[in-house]
Structures are given as C-alpha cells and as structure tokens.
There are 2 protein chains.
Amino acid sequence: MLDVAKAASVSVATVSAVINGSAPVSPELRGRIEEAIQVIGYKRNAIARSLKLGTTRTVGLMVADITNPFFTDVVAVIQDVLHRAGYAVMLCCNDEDVDMQDEQIELLIDRSVDGLIIAPAGDDETLKRIIGSANLPTVLIDRLLDGIDTDAVVLDNRRAVQDATHYMLGLGHRRIGYISGSLETSTGRERLAGYKAALEAANLPYEEDLVRFGNFREKDAYKATMQLLASTERPSAIFSANNLMVIGVMKAIRDIGLKCPEDVSVASFDDFPWADVFQPHLTTIAQPVQAIGEQAAQLILDRLSGKSPEIPRRLVLQGRLMIRESCRPISLTPRAIA
Amino acid sequence: MLDVAKAASVSVATVSAVINGSAPVSPELRGRIEEAIQVIGYKRNAIARSLKLGTTRTVGLMVADITNPFFTDVVAVIQDVLHRAGYAVMLCCNDEDVDMQDEQIELLIDRSVDGLIIAPAGDDETLKRIIGSANLPTVLIDRLLDGIDTDAVVLDNRRAVQDATHYMLGLGHRRIGYISGSLETSTGRERLAGYKAALEAANLPYEEDLVRFGNFREKDAYKATMQLLASTERPSAIFSANNLMVIGVMKAIRDIGLKCPEDVSVASFDDFPWADVFQPHLTTIAQPVQAIGEQAAQLILDRLSGKSPEIPRRLVLQGRLMIRESCRPISLTPRAIA
DNA sequence: TGACATAGTCGAAACGTTTAGAATAGGCTG
DNA sequence: CAGCCTATTCTAAACGTTTCGACTATGTCA
C-alpha cells in the first residue's frame, strides 16, 4: 500500500480511503490511485486488515464426521452461502473423537475465526468450557449440547423415529431391534427416546436386549447387528439410527445369511440419493439437508452482523419418512415368526 | 502479551522468548511469566503473529465437489494429517463451476494461505493465471492442469478404464456405452482415452454415438443415459466415468424399464462402501483414497517446510477393478442381442 | 469582510506480535 | 584490575493496515 501511495504521490490514508470508500476523495486523486493499484498489482493484505479490525471474515466449521453424507451435504451448502456472503470456511472434522474435537476447537479459536458452526462429536465438558469462554457467535447444528444455550438448528429427532417405529409397528412387527448412536450426543438420545415413545404408545415393553450401540459408525453397527441377529429371539425388524450404520446392518444381515426384507425389515435415519435405485430400496427418514445448511449459515451471518435478537434462536425442522421396500408386513416374513 | 509482561514485570520480548522458547530465559523470570500467563489466561494472537511472520499455518483446499464421496474421503484424510501437523484447512467447493472456482481461489489467496491443494473443476485460464502469479506451494489432486507444473497426485486413469473396458469386452460386449465426465478436466480426458485404447486394442471402432457427456453429475448422466438407451441400437453395457453419474445411469435404466445386469451391464469409476451389499452389486474401479489424501498432504507439508526437491513431484497411483455382479456375459443378456 | 462550515488530504498512532541489536551484569583470564 | 566473554534482558522497529484528529483550501452566510 505504501508503494501505491508513493507511486500516486499521496498518503496511505488516502489510498485506504479509495480502497474502502470510507472517505471522500477527489476524482483526480482517485484516478491516480486506481491506476497505481493496477500498475503495481496491489492486493490489500487481509492479515494486516484483520489485525487492525479484529475480524477475519472466516467462520470455523467443525463437524463430527465429514465422511457422513448428511454432514457432507450440510457442509457443502454452508460453505456455499457463507462464501457468497464473503466469508471463508475453516473446516475441522474429528471422526467422532472427543479429544480430537477439543484440539480442533482450540485450533479454530486460535486462528481467530469470527464465529463457529459446530456439530459436536460428544457432550464433552472441555468443549463446553472452551466454547463458553471463547464467547464467539456460535451455532450448533444437528446436535445440541447440554447447558449450552446458543443459536441452533436441529431436527425433531424424537418425532421422526417415533413415526418410523410406529410405521414398523403398524406392519405388525413386535420385536424391533434398534441400533443406536452414541448417547453422548443429543441425537443419539432423542432418537432412542422416539423409539421408546412409539413402543409405549403401542403398549409394548421396552426391551434392553433389542437395543445395541453402533455409535453412528458402520463397523460398530455391524458388530451390534451380528449380536442382535444371533440372539435366540431374533428381531423381525431393525431400525438404524443413521446412514453409516445401516450399511453395517445390511452387511451383518447378508453375512448371517438372511435377506432384507424377506427375513428382516430394515429402516434407517438419513436418506441416500441412491436409495430408490439399488435393492432393497431402503425406507428412511430424510432430513432437509439443504434447509439445515441454509438456516445454520443464516443464523451465524445474522449473529455476525449483529442483527440477531439477544436470545438464542433454536430452529427445529421436521424429517420425512420415505416409505420404500425394505420393510414388509410381519405376516409375510415367515422365518422371523418361526 | 503486554499485560503479561506488566504482571510479571518484564519486557514483552522476554515473554515472547518464553512462549516460543526462542531465547534463553532465567528460571526465575520463566516462572513468573508462566504464572502470569496462567492467571491472565493469555493466548497469543495468531493474526498478529501471522502478520509479523508472513505465515498463517493454514492451507487452502479447493475441490470441485465435496458432495462427491471420493472427494469427501480425500478431504477428510487431508484435513486429518494437516491438522496433526498443526495446519488449519480452509475449504472451498464450487460444484464444478469454473467461475465460482475463480472467486474461491482468490478468496483463499486473499486470506494468505501458506499453500494450496486443488482438485480443479476445469482447465480454466483465469485459474491458471491466478495460481501461477500467486506463486504459492501448490499440489494438484485427482486432476491435472495443462501447462501448470506443480506437485501432484493422480490416478492412472487411462489404464484403469482401459482395464475395465477390456473386462467388459472380455464378457462379449461389443457396444459399450460410455458416460463421460467433462473433457475440461484431465480425468475426463484420460478416462475416455482409456476407453478408446481398449476398443482399439480389441480392433473395434470408436463410435461417437456411444459416448455421451454427463459432466460428472448425476442429473446430466441420467439424461445422457436416457438418450443412449433410446437409440435404435442400444448398447449392451454402459461404463460411467464416476460415482455420481452411475446413480443417474441406474435411474435411467430403471425408468426406461430395463434391468441391470439382465438387460444392460454397468460398471463405474469410483467405489462405494455399500457396493457389495445393495443390488446389483456394482463392478467398479476403486481408488486408493486414503493414499491419495495422505500423499497430497505430505507433498504440501514437504513443500511448506522447504524440504521438497526443486522440481515438482508427480505421483500416479493405480486403481483397482472390483469385479462384482453388475456386468454379465453377453450371451446371457438376450434382449440386448435382439 | 470576517466567521464558519465543508471537502479533501495527510500525519501518526494503533492493532499484537517477533527479533535485531543494544544494554547490563557477572564471571573469567591474564 | 582492566579487558573480555557470556548470559540474560530490554528497547524499539517492523509487519500492513485503519482511522482519529489536524490541517488547508474553498465556499457560504450574515
């Protein structure tokens, strides 16, 4: 900038004024300065600017697992709308690892991001302390944190799986296996609550044996399903609490020599773009990923521009049950009855 | 830092010395300073540090489409290894849009990233000019850029699809449809070249009618496949040049009332974690995503720490043909013969 | 015509670090 | 004891911006 100022024989203050349009500048000087900028190929240094202004126009985005297509989609739309608003996105993912998560949030805060969008891996005290003391605009997505009261956009998880379970119950299933996500997450807890609620509404007992933990990961879900299917009274249906796990569930069903939906019905949280083209066509709960991403981005943008209300806003969206062919009426699944 | 210095009654230089261990400090002062840091809860300001040092310990990662599971996986491992090395990742994705890409690369350079990892959307002149003049450590992944000579890690695309085509030819298929990615990308060109090479090796003519462009996207691939299947001499097999497009291909096959592999065989670039559990079990070319990510990250890390050789390193990895059940011998697909 | 507002420009301080080089205090050598 | 070396500490400049307040020239109003 100093070079530009010299080349145009003006002060740096004036150069700054034309670049930012922050003060009136005579047409003559403006012309000289703009020309000098062209000639020199000057680009203003965003770091120096950030130092002075105390803002980086960057938001930190931390999600538990970017490999999960749900998060991938959400990240993509967040990145898109933030970019259009002139913000850069610093991305972290920790593969559902809480310790890694703590490190990463530090990394982000350390880099002086202006705000944070987080889908936390777990309800970790350290994390909560850090984001509490960072005092940054923060929006939680997908998963809430106990005792942390910020903007958030989440799904009505409880209702969604209650509906799905109700649907399976309606097909006559009485023993519905449930592959749960980690109860360290609000989604893990809420989804399980939905399952319980549906059972209760149908006057059916909640059986611990029928729920196993897959921690939102394929491998763990595979093991969990193997156990479930090996038990004496095999369930006639299985609900998977997310997309990654349903792959594990299907693999276990295959490996144990059963067929879906002939032998066991399956439904899952999270939809797939290919769900109605590969067999069995999975019955799923579709999340409005586009809306989730847009809303989250908008919340942080509003907060950053200071036009949010004082109290945090909590958006809860509804899932949609996509009934396809992976669940069938109990009367048609003879082997499960035997 | 000034506060810490005051609290410990020393100069900021000394505080800096203990924080960075950049100069010897007596145990006494060190103790006082460390205590003051604790008490005050001081964190050094990375922006100011970047300004002085001219380095941000951040690398820009721009991929054409993060929604594509291949890129997602690669991004995840890159993020992981860079994080472990103390680097933050600034992510951009542009949905294969070249103009957006130009904007984004500017955004990244503007933010003073220390290096760039790019999977370009297209062979765009503006992009090339920008990264040429930015003069930053850069590594290209997946796709090369004509005339840009930097570190890179790519697949041997040509060979991989040549092998796959050879395999289909071996099953007796003579009319193999090819759904191509954009020829603006090196992968688009190389993969098509592999298809042609296999044809040539088998003394078969290259027929323009059999290749359609899906631009690496599901929707376009769907349309392309519809055309292909509507033609008078319908192909008995189709190869899709990536994962997103094969979904479109399968949808088209379904919508036109055909079955895979009974009526038409299908193979695709890029593997899926669920490929051998949902029907039809797709025959694919699996890319070593883990290795690609690791190598790319290592290349940029080496370059950043100045321990790379002067000349750019170009790594080319091999794909692996995963033969499953979506292709069958031509003699068994009667309808295609008719 | 003098007081005063206004537009345009500039000098210099500030943002929070790092670091070169100066300063200081001992200790050692001859 | 002078001279010198070493270890430790400090002062101050620099990184590249933004912006406050000062200054000048010009125009306006009573």
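Lettering follows sequence order; numbering is per chain, from 1. Heavy-atom basis, side chains included; hydrogens, waters and symmetry copies ignored.
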Using whole Å, report how far [atom1] of [X] lies from [atom2] of [N].
X       : N      : atom1 : atom2 : value
A:Arg32 : C:dT9  : CZ    : C1'   : 11 Å
B:Asp3  : C:dC15 : CG    : C1'   : 14 Å
B:Ile33 : D:dC10 : CD1   : C1'   : 12 Å
B:Tyr42 : C:dG16 : OH    : C1'   : 7 Å
A:Ile47 : D:dT17 : CD1   : P     : 11 Å
B:Leu2  : C:dT18 : CG    : C1'   : 15 Å
A:Leu51 : C:dA13 : CG    : P     : 17 Å

Side-chain N or O of [X] closer than 4.0 Å to phosphate OP1/OP2 of [N]:
X       : N      : answer
A:Arg49 : D:dT18 : yes
A:Thr14 : C:dC10 : yes
A:Asn45 : D:dC15 : no
B:Ser26 : D:dT9  : yes
B:Arg44 : C:dT18 : yes

Within the distance-only criterion (no hydrogens, no angle test), does the side chain of [X] pair as donor or acceptor with the backbone N or O of [Y] below 3.5 angstrom?
X        : Y        : result
A:Thr138 : A:Leu136 : yes
A:Thr185 : A:Gly122 : no
A:Gln104 : A:Cys93  : yes
A:Arg57  : A:Ala85  : yes
B:Asn20  : B:Ser16  : yes
A:Asp151 : A:Arg313 : yes
A:Arg217 : A:Gly181 : no
A:Arg143 : A:Pro120 : yes

Return the nearest nucleotide to the side chain of [X]; candidates are [options].
X       : options                : result
A:Asn20 : D:dT18, D:dC10, C:dT18 : D:dT18
A:Val25 : D:dC15, C:dT9, D:dT18  : C:dT9
B:Met1  : C:dC10, C:dT17, C:dG16 : C:dT17
B:Lys52 : D:dG16, C:dT17, D:dT18 : C:dT17

With a 4.0 Å cut-off on heavy atoms, is [X] in touch with a base, just the backbone sugar-phosphate, or nothing at all?
X       : answer
A:Leu53 : sugar-phosphate
B:Leu29 : sugar-phosphate
B:Ser16 : base

**Study point:** the helix from C:dT1-D:dA30 to C:dG30-D:dC1: angle between end helix axes, five pairs per end, rounded to 10 degrees
**Key:**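 Helix axis angle between the two ends: 60°.
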5'-most contact on DNA chain D (nearest-nucleotide basis), B:Pro27 vs B:Val12, goes to B:Pro27
DNA chain D nearest-nucleotide lookup for B:Pro24 and B:Ala48: closer to the 5′ end is B:Pro24
